[in-house]
Chemist: 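One structure is given below, represented as structure tokens, and several questions about it will come after.
Proteins get letters first, then strands, A, B, ... in listed order; numbering begins at 1 in each.
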Amino acid sequence: MARYNPKDTEPKWRSAWAQADVFRTADIGDGRPKYYVLEMFPYPSGRIHMGHVRNYAMGDVVARYKRAQGFSVLHPMGWDAFGMPAENAAMERGVHPKGWTYDNIAAMREQLKALGLSIDWSREFATCDPAYYGKQQAWFLKLLQRGLVYRKEASVNWDPVDMTVLANEQVIDGKGWRSGAPVEKRKLTQWFLRITDYADALIDGLKTLDRWPEKVRIMQENWIGRSKGLRFTFKFADEAPAGHEAGLEVYTTRPDTLFGASFVGIAPEHPLAEQLAAGHPELQAFIAECRKGGTSEADIEGAEKLGRDTGLRVVHPLDPTITLPVWIANFILMDYGTGAIFACPAHDQRDLDFARKYDLPVLPVVLPPGEDAASFEIGKEAYVGPGSIFKSKFLDGMDIESAKSEAIARIEAMDRGQGATVYRLRDWGVSRQRYWGCPIPIIHCPSCGPVPVPQDQLPVVLPEDVTFEADKPGNPLVRHPTWKHTTCPSCGGTAERETDTLDTFMDSSWYFARFANPDAAECIDKAAADHWMPVDQYIGGVEHAILHLLYARFITRALKDEGLVSVEEPFAGLFTQGMVTHEAYKNVAGEWVEPADVVITAEGNSRSAKHATTGEPITIGDIEKMSKSKKNVVAPEDIFEAYGVDAARLFVMSDSPPERDVQWTNSGVEGSWRFTHRLWNEFDSQPAGDFAHDASDEAALALRKSAHKLIGFVTDSIEGFRFNSGVARLYEFLNALKAAPADGASDAVLAARREALNILARLVSPFTPHLAEEAWASLGGEGLVVDAPWPKADPGLAADDERVLPIQINGKRRGEIKVKAGLAEAEVEKIALADPAVLAHLEGVTVRKVIVVKDRIVNIVAN
RNA sequence: GGGGACAUGGCGGAAUCGGUAGACGCGCCGGACUUAAAAUCCGUUGGAGCAAUCCGUGUGGGUUCGAGUCCCACUGUCCCUACCA
């Protein structure tokens, strides 16, 4: 019996697939139903890691399974190749970002190919290919023409380390998502995309995404943050400040609490605040102070509510006898609503904190159920629960919702404001002051202003002769001697190119559509995209729940409105897979130690660790995401070398549910490796022959039944993304096969085994494709197993004709009976009550009731 | 502060519909093979008990003939988000 040797076997089958070109897909399909499987494409950072292995192995299981089910499967691969790390490498090591990126792509392509993925490599592209980003420039200009792109001066998030602007989505806890540096506010002129025009569509579209995780839909909905309320204007009680004669506009979601207003607040950046500060050093100092405040969690938690009275007063819109002071307050945000609020301290915690600090009135107007109107008071906590409105004239006695509608109606009738929907979502700033990105195809002309580059002059190609020096940060496009100097396409005068490049999230917002035909002369080959889109199954990390997945949904809708694609939603099905984790180890000095240098010993239930060479004790730390800084990484290529690709693929699919983190362990992958060998032994020990069935042989029948049941289990587990359960069933079945060995078996059992192995080879093929091919060949299967159809279960064999029913007495299991499947309840009851074990437990008690659940269980109620 | 998820042996997890809790894997323990070890193979393995049996899915209640699963309250852990009026 030959030992299974993945080192020879795996490359052999990979070249067989390549030679037969089995994974190439036609651009407009071939008559079979289409299925588009896509994993989020990788950033070419240098080497693939275990997270990639898990992500792409999952997609490959789906792709191979759908292929076998008769679908024409599109399963492409590309590279999200623009971005900061390439520039960092350039500055640190003096290499060129382009060379660095394409070298990494070459290395990672080889690694991915070694994984044996069923990828159509003929469609591969990188976003840094001019052939790709040129098309991106083309549709960017179309969106500009549509009015979806605009330029404005705005206060933006500036990352002082990466020296670039970041979108709101890219600021995590007040820090740059990549650099981790605290973000500063800067006023810059930037290009923006009107994602807010699509806010409603993006929220409403979520309802159609029934194959997305609920969690991601909720995150997107919260991020867009639609809220309904009232926008209205306060008139000034005395003479209005110059330019503010119309009054002061505020936004609220609680118009029902209008009679509880005790002051009006404006943001420190509010134009009125800045105007007032002009001749007022104290206000000026206060506003400057506010600008400094950080946005990290600790800053916000600890931040004290601060404000300054402007001395201005405004008139209450619903009761002209009431006037309210106008304060500048540090907790009011300029870029939400109107940057001004009316404050109702009784029913808003922030307003209450502020009111207590500056001794402003607290007027409760919502009476909680069961409270007495005369005695109800607000202490340290604002009341935000339900109740009935009181001390509010015509709103008295109403519930909150009716009072909101009534207040809005009154204000609208007075023509002082109107109901308004406000979003948390801001327009997407896409300008990046970086070199290694897609150039924004705009020319700035001193007389014509910003002018689009004519379509026939695209692509605007990045110049390659740029210099990077660690002491000269910033964008080398700005200091390039010639590149930016050009002529205005409109007037022909001297002009300068835009030196900002596009946010790399633009690159990943349409690549899935380009894959339909990556060589198309137009941006998107409409016929091909109409055939393949939407992506039927998208797979990637949950860290993109808001960023990439929201941008891609927006761009797809914008491109649809432009007529470039027909779908509104790019990803019909989304699966967010968990990370690959590993224990982290530390030595006595507190330094991280690589897993390869650690020897673990276990005695009973306790584990201890020591250093493999020095023998010094090692502390076993937490299980964490694999990261270079904690040294708890395992290199995929080392695993492929030691155990083979199939064992590695199998392990990442087997140990945990795919949406959860999987803990990489050496012993775990060894288990998968053992499985591949034991599986091979079964195939290898099987003598050739036919499938002639002998129904009278019980062992043979039992084996056939479990093989046909297995088909259903594995099919369901793949369809339902429960790969770990499917793999467990395969293990279980192998155990059953070993219990009916070929050695000395009857002809009937041998035939049953042959049939079972034929089924098994196809069922394991999505998980361990190389081994499956070797097995298929040894069984004498026709052609390649990748081209073999998915096995079909014989319903007669897959269904049980006998059932073992547990018998409970008062809910406790007391015995079991074997009955024909589907046996009538009355019959089952008779048999159950005659069972000796049951009778023994019924002695001295009276049977009150017998519950029979067909084919499942019997419960006898007795006392 | 707001939103969401999760909690099952020594560990990862299974139980898809309210119906035999702990499949499968890892680890541990024992055995075979071996001069020995590794590898491999076989067996045991939730807890208590000699046993019958009893207890057992984070805690406390509830619904039900029957709850890991449904409802209420709580505790803990993790993720997202954040002065969004």
Chemist: Under 4.0 Å between any heavy atoms, over every strand shown, what does A/R678 touch: base, sugar-phosphate, or nothing? Just pick one.
Modeler: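 Here A/R678 touches the backbone only, sparing every base.
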Chemist: Measure from the side-chain heavy atoms of A/F331 and tell me the nearest of B/G19, B/A14, B/C83.
Modeler: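 Looking only at side-chain atoms, A/F331 lies closest to B/C83.
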Chemist: Taking the chi torsion of B/C17, is it syn (within 90° of 0) or anti (everything else)?
Modeler: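 Here B/C17 takes the syn form, which means its glycosidic angle is within 90° of 0.
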Chemist: So, OP1 or OP2 of B/C65: does either fall under 4.0 Å of a side-chain N or O from A/R848?
Modeler: no
Chemist: Determine the contact category for A/Y251: base if any of its heavy atoms lies under 4.0 Å from a base atom, sugar-phosphate if only primed atoms, P, OP1 or OP2 are that close, otherwise nothing.
Modeler: base
Chemist: Quick check on RNA chain B: between A/I218 and A/S717, whose nearest nucleotide comes earlier from the 5' end?
Modeler: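 In this pair, the answer is A/I218.
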Chemist: Verify the neighbour count for atom CD of A/E381: are there more than 12 heavy atoms of other residues, nucleotides or ligands below 6.0 Å?
Modeler: no
Chemist: Syn or anti for B/G46, given that syn means the glycosidic angle lies within 90° of 0?
Modeler: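 Because its glycosidic torsion lies more than 90° from 0, B/G46 adopts the anti conformation.
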Chemist: So what does A/Q808 hit on the nucleic acid, given a heavy-atom distance under 4.0 Å: a base, only sugar-phosphate, or nothing?
Modeler: base
Chemist: In terms of side-chain heavy atoms of A/S227, which of B/C65, B/A85, B/U53 is nearest?
Modeler: B/A85
Chemist: Closest to the A/R856 side chain: B/G27, B/C17, B/A85?
Modeler: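 So the nucleotide nearest the side chain must be B/C17.
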Chemist: Which pairs count as side-chain hydrogen bond (donor to acceptor under 3.5 Å, both in side chains) when at least one residue sits in residues 841-858 of chain A, sequence neighbours excluded?
Modeler: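 Qualifying pairs: A/R848-A/N863.
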Chemist: What dot-bracket string describes RNA chain B from 5' to 3', counting Watson-Crick and G-U wobble pairs whose defining distances are under 3.5 Å, with [ ] for crossing pairs and | for pairs to another strand?
Modeler: (((((((..(((......[....)))(.((((.......)))).)(((....)))..(((((..]....))))))))))))....
Chemist: Under a 4.0 Å N-O cut-off, is there an ion pair linking A/K709 with A/E732?
Modeler: no
Chemist: Out of B/G27, B/U20, B/G19, which has the shortest distance to the side chain of A/V804?
Modeler: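 Closest nucleotide among those given: B/U20.
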Chemist: Once the angle between the rings of A/Y4 and A/H677 is folded into 0 to 90°, is it parallel (under 30°), tilted (30 to 60°) or perpendicular (over 60°)?
Modeler: perpendicular
Chemist: Taking the six-membered ring of A/F354, is NZ or CZ of A/K305 closer than 6.0 Å to its centre and within 45° of its axis?
Modeler: no
Chemist: Between the base of B/C79 and the side chain of A/K215, is there a donor-acceptor distance below 3.5 Å?
Modeler: no
